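These notes are about the structure you will find just below.
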Amino acid sequence: MNSDVIRLLPDSVANQIAAGEVIQRPASVIKELVENAVDAGATEVSVVLKDAGRTLIQVIDNGYGMSPADARMAFERHATSKISAAADLYSLHTMGFRGEALPSIAAVAQIDLRTMRRGDDVGTRLLISESKYEGQEPATCVPGTNIMVKNLFFHMPARRKFLKKDNIELSHILREFERLALVNTGIAFTLIHNDVTLHQFRAGTLKQRIGALFGKNLESQLATVSTETSLVKIEGFVGLPRFAKKRGSQQFLFVNGRNMRHPFFHKAILKCYEHLIAVDSQPSYFINFEVDPATIDVNIHPQKHEIKFEHEQAIWQILEAAVRETLGKSQAAGALDFEPDDVPEIPLFDPSANVTAPTDDFDSTYNPFRPASDNGRAETASSGGANSWHSSARRVPNDWEALYDNFNRKREDALESFVPGSDSFGDVAPSAPERPAQLGLEEAEAFPADSGSNCFRLGNAYIVTSSHKGIIVILQRRAHIRILYERYLAALGSGSVPSQTLLFAEDFEVSATLGSVLESMQPHLAAYGFGLKRTALTNWSINAVPAPLSGVSSVEVVLGIAEEASQGRSFDEQSLCEPLALSMARSAAVGSSQALSQTEMESIVADLFRCSEPSFTPDGLPVMTIIDNDELAGRF
């Protein structure tokens with residue numbers, strides 16, 4: 001009996017295992033092929049797609065090209081021109097170095113490669129299918145490389161089945177393309193999908209590339225970050241606090257020309273925006289780090305997104321100081337926004353107009369501290385009649401003690417008015433209205449005893465009310481979101497939603513990523529009453545909204561839904577109802593620091609406890625907290 005059970009896997013199987021780590025979806029193929037083009041010294045790169053990369057991914061560059069022998073060797077595992085020894089891993093200046101990308105792609109697709117070096121008279125064509133060479137022959141082509149990846153996962157039905165819809169895969173491709181275009185600003189890029197040009201950039205600066213990708217408006221919303229030390233050189237842009245967004249913010253970090261995800265540095269940037277932006281908002285930033293390659297390790301993840309820094313803590317402090325300095329120079333903390341509606345209208349100067357000089361009409365003998373009878377006598381004796389202002393001023397009562405009544409009230413009276421229905425401090429009258437069956441709290445007795453009539457405002461964001469169980473502190477914005485969510489959900493779920501035509505269409509601009517998502521969602525949004533129309537590649541217009549959305553920013557709602565869809569969530573008419581209601585509620589809810597009247601606070605408290613689940617928002621955030629009587633007693 002043969003006891004040997006360990007055997008060497010065939011190359012085709014090993015390549016498929018490697019492909020599972022490196023090639024997850026069409027966006028992964030584009031990343032690897034474009035990075036190869038960058039390493040080959042290309043100044044122009046074109047990406048052509050069919051069916052979001054399922055049918056065809058073609059990358060064309062004008063780089064160095066390859067010889068016939070190199071073209072074949074490139075598809076062998078761990079064959080690379082980037083490094084030759086282990087020590088080279090700590091002095092990397094190229095995007096690729098493992099020699100895994102091309103064999104991994106060849107293991108899950110059909111490859112048609114055409115390449116030629118500058119100075120050669122003829123190029124070479126190479127055909128590969130499922131890691132098997134199908135032929136190599138001379139071919140006429142231009143200098144550079146043209147690689148076509150056809151029928152991705154064609155012989156792996158399970159992997160192909162797990163690919164998302166075309167619009168979702170295209171959004172992942174567009175996001176990856178954005179990262180590649182931002183980090184390689186000296187290269188001209190073109191992206192074509194199903195014969196439609198989605199992006200076309202010329203070589204330029206980082207700021208020009210940001211404007212080309214996300215719109216010219218974003219350029220004016222950024223401040224420059226620049227600092228250089230012996231450890232790191234940091235350059236880029238951060239968004240001004242007043243332009244922070246609740247969703248859809250652009251956040252990119254680069255190191256030595258490579259994209260990276262670094263939660264530690266992300267936290268350092270957000271720390272600089274504390275008290276400058278709302279808690280639920282995010283700033284945009286585009287920051288590039290230049291460090292000694294020997295002080296970072298990029299070989300810790302198959303996709304090379306995660307990077308370790310030797311001097312991570314020191315770079316954190318340098319980054320935080322640089323961003324704080326930039327925000328300080330841009331007067332972020334003290335910036336004032338003046339509403340143009342409040343600015344008085346100044347008429348244009350007309351030299352031919354007849355201007356009458358104003359007359360001074362005042363009573364020089366009037367004294368507000370003199371008894372009214374004396375002022376009357378002075379008026380009779382004075383020459384010239386008093387105007388209406390003087391007449392109203394003389395009607396000021398001379399009983400000055402009445403103005404200070406509020407300061408002279410007894411303390412017991414103030415407490416009684418502050419806590420109505422209480423006999424003494426902390427004892428609330430036991431009468432209470434009928435309680436709802438489901439409150440989402442521990443006990444039904446947590447329902448306010450006076451149904452909101454004894455609520456008051458605390459700080460800038462909280463409503464405080466009492467109950468038999470203790471004190472309830474409610475976050476006003478989240479409470480309003482929960483209330484509006486249930487109202488909108490009921491309206492949208494009732495069947496056909498009436499549409500309301502806008503008097504003036506609302507125009508807005510989105511990135512190509514969100515544009516592709518909106519295009520796929522357009523029929524589903526139309527079923528709920530949205531009149532959405534594409535006017536240009538990145539420009540859209542809304543001319544009708546659902547009737548329940550009246551008074552709410554329809555653009556915010558649509559962008560919120562598109563952002564969720566771009567993260568990989570798939571929507572149809574059935575599943576769109578809840579996220580649409582939530583997005584509408586977030587757009588229409590009161591602000592965290594918005595001042596509310598007593599009536600409005602009472603209304604929010606009463607409506608909140610009529611909801612099916614008043615303790616949490618639809619996305620699971622707590623709405624309220626209870627300070628019970630036992631805890632209060634313990635404090636005394």
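Scope of the values below: all heavy atoms of this structure, side chains included, with no hydrogens, waters or symmetry mates. Remember, predicted model here, so these are calculated numbers, not experimental data.
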Is there a donor-acceptor pair closer than 3.5 Å between any side-chain N or O of E506 and the backbone N or O of W540?
-> no
Has the side chain of R482 got a donor or acceptor atom that lies under 3.5 Å from a matching backbone atom of E613?
-> yes
Here the gap from L152 atom CG to S28 atom OG, rounded to the nearest 0.5 Å, amounts to 9.0 Å
Indicate the atoms forming the closest heavy-atom contact of K50 with N194, along with that distance.
-> CA-OD1, 3.4 Å
Less than 4.5 Å apart, any side-chain heavy atom of L174 and any of L191?
-> yes
So F252 and F254, would you call those rings parallel, tilted or perpendicular, with 30° and 60° as cut-offs?
-> parallel
Say you draw a straight line from CD1 of I173 to CG of L180; how long is it, rounded to the nearest 0.5 Å?
-> 11.5 Å
Least distance between heavy atoms, L253 atom then H266 atom = CD1-N, 4.4 Å
Step by step, would you call I474 with F609 a side-chain contact (heavy atoms from CB on, under 4.5 Å)?
-> CA-CA 11 Å; I474 301 170; F609 284 95; 4.3 Å; yes
Using the ring of each side chain (for Trp, its six-membered ring), is F201 parallel, tilted or perpendicular to H199, with breaks at 30° and 60°?
-> tilted
Walk me through it: do R610 and E486 pass the test side-chain contact (heavy atoms from CB on, under 4.5 Å)?
-> CA-CA 10 Å; R610 293 190 187 99; E486 297 204 2; over 6 Å; no
Report yes or no: does E169 contribute a side-chain atom to a donor-acceptor pair with the main-chain N or O of K164 at less than 3.5 Å?
-> yes
Would you check, one step at a time, whether the test salt bridge (charged side-chain N to carboxylate O under 4.0 Å, His left out) holds for R179 with E176?
-> CA-CA 5 Å; R179 298 188 188 100; E176 191 62 54; 3.2 Å; yes
Distance, nearest 0.5 Å, that separates CD1 of I57 from CD1 of I30 | 5.0 Å
Please answer whether the main-chain N or O of A461 pairs with a side-chain N or O of R477 as donor and acceptor at a distance below 3.5 Å.
-> no
Give a yes or no on whether the ring-centroid distance for F309 and F264 is below 6.0 angstrom.
-> no
Given F177 and V34, is the side-chain contact (heavy atoms from CB on, under 4.5 Å) satisfied, shown in steps?
-> CA-CA 9 Å; F177 188 82; V34 171; 5.8 Å; no
Backbone N or O of L532 within a donor-acceptor pair of the Q522 side chain at under 3.5 Å?
-> yes
Residue pair I23 / E32, side-chain heavy-atom distance below 4.5 Å = yes
Taking all non-hydrogen atoms of both residues into account, name the closest pair between I626 and I472 and its distance.
-> CG1-CG1, 4.2 Å
Reference residue Q282; test side chain to side chain donor-acceptor pair (under 3.5 Å); the match among Q251, K245, Q250 = Q251
Within a strict 4.5 Å, meaning less than it, do heavy atoms of the I481 and V623 side chains meet?
-> no
Are any of the side-chain heavy atoms of L608 and M624 separated by less than 4.5 Å?
-> yes
Heavy-atom check, side chain of V196 versus side chain of H193, under 4.5 Å | no
How long is the gap from CD1 on I168 to CG on L163, to the nearest 0.5 Å?
-> 12.0 Å
Short side-chain to backbone donor-acceptor contact, R209 and T185, under 3.5 Å | yes
Checking H172 side chain against A27 main chain: does a donor-acceptor pair fall under 3.5 Å?
-> no
Of all heavy-atom pairs linking I287 and F237, the shortest is CG1-O, 4.1 Å
Min side-chain heavy-atom separation T617-Y485 under 4.5 Å | no
For the side chain of T326 and the backbone of A322, is there at least one donor-acceptor N/O pair under 3.5 Å apart?
-> yes
Does L206 reach the side chain of N288, with side-chain heavy atoms less than 4.5 Å apart?
-> no
The complete set of salt bridge (Lys or Arg N to Asp or Glu O under 4.0 Å) pairs with one or both residues in residues 534-546, sequence neighbours excluded, reads E519-R534
Heavy-atom check, side chain of F286 versus side chain of F214, under 4.5 Å = yes
Find the distance between CD1 (I463) and CD (E600) and round it off to the nearest 0.5 Å.
-> 9.5 Å
Quick one: does D607's side chain have a donor or acceptor within less than 3.5 Å of a partner on I483's backbone?
-> no
Shortest non-hydrogen separation from I307 to H262 and the atoms involved = O-CD2, 3.6 Å
Rounding to 0.5 Å, atoms CG (D507) and CG (N543) come to a distance of 9.5 Å
Can you name the nearest heavy-atom pair linking Q476 to G591, along with the distance?
-> NE2-O, 2.9 Å
Given the rule in the side-chain contact (heavy atoms from CB on, under 4.5 Å) test, do Q317 and E320 qualify, once you have shown the distances and angles that lead to the verdict?
-> CA-CA 5 Å; Q317 296 172 355; E320 183 182 355; 5.6 Å; no
